[in-house]
Amino acid sequence: VAHSAPTAFVSNGGVLYRERFLSPADFEAIRRECRTLRGGMRAEKDSIALRRMGLCLDRRSHTHAMLMSEAVASRIAALTGVPRLEPSDFPAELRQYGA
């Protein structure tokens with residue numbers, strides 16, 4: 001039985017995985033910027049995740065602006081059925097999980 005995205009969000013305990021959420025152009029712009037940031041990633045020592053590397057995104061970066069935009073918040077709200085979303089107070093992070 002196919003579920004709508006908001007129904008899947010609720011039935012999965014508040015988790016929704018969505019492929020191709022960004023436009024191809026936005027995805028490529030974010031990927032390009034994130035690739036340039038990889039050298040600054042550091043191992044996270046206070047994490048239960050094994051071999052995770054991370055870096056806080058600069059609030060002035062293009063990637064941060066795109067991911068924290070009203071357009072992205074509106075798309076997430078529509079997908080989850082949550083009527084009002086605001087960007088998080090937590091910093092946006094680039095993460096890499098090792099094998």
Under the 3.5 angstrom rule, does the side chain of Glu93 hit a backbone N or O of Leu55 as a donor-acceptor pair?
no
For the side chain of Asn12 and the backbone of Ala8, is there at least one donor-acceptor N/O pair under 3.5 Å apart?
yes
Enter the distance from [X]:[atom1] to [Y]:[atom2] here, rounded to the nearest 0.5 Å.
X: Cys56; Y: Leu37; atom1: SG; atom2: CG; result: 11.5 Å
X: Met68; Y: Arg59; atom1: CE; atom2: CZ; result: 7.0 Å
X: Met66; Y: Glu33; atom1: CE; atom2: CD; result: 9.0 Å
X: Asp26; Y: Arg31; atom1: CG; atom2: CZ; result: 13.0 Å
X: Leu57; Y: Leu94; atom1: CG; atom2: CG; result: 6.0 Å

Return the set of residues passing side chain to side chain donor-acceptor pair (under 3.5 Å) with [X] (not counting sequence neighbours), or none when no residue passes.
X: Asp58; result: Arg60
X: Thr80; result: none
X: Arg75; result: none

Side-chain heavy atoms of Ile30 within contact of Leu67, under 4.5 Å
yes
Hey, does Phe21 have a side-chain heavy atom less than 4.5 Å from the side chain of Leu79?
yes
Give the minimum heavy-atom separation between Ala77 and Pro83, together with the two atoms involved.
CB-O, 4.4 Å
Name all residues meeting the salt bridge (Lys or Arg N to Asp or Glu O under 4.0 Å) criterion together with Glu70; count only those two or more places apart in sequence or in a different chain, and write none if there are none.
none
Could you give all pairs that pass the salt bridge (Lys or Arg N to Asp or Glu O under 4.0 Å) test and reach residues 9-25, with sequence neighbours left out?
none
Tell me, which pairs form a side chain to side chain donor-acceptor pair (under 3.5 Å) where one or both residues lie in residues 34-48, sequence neighbours left out?
Glu44-Arg52, Ser47-Arg52
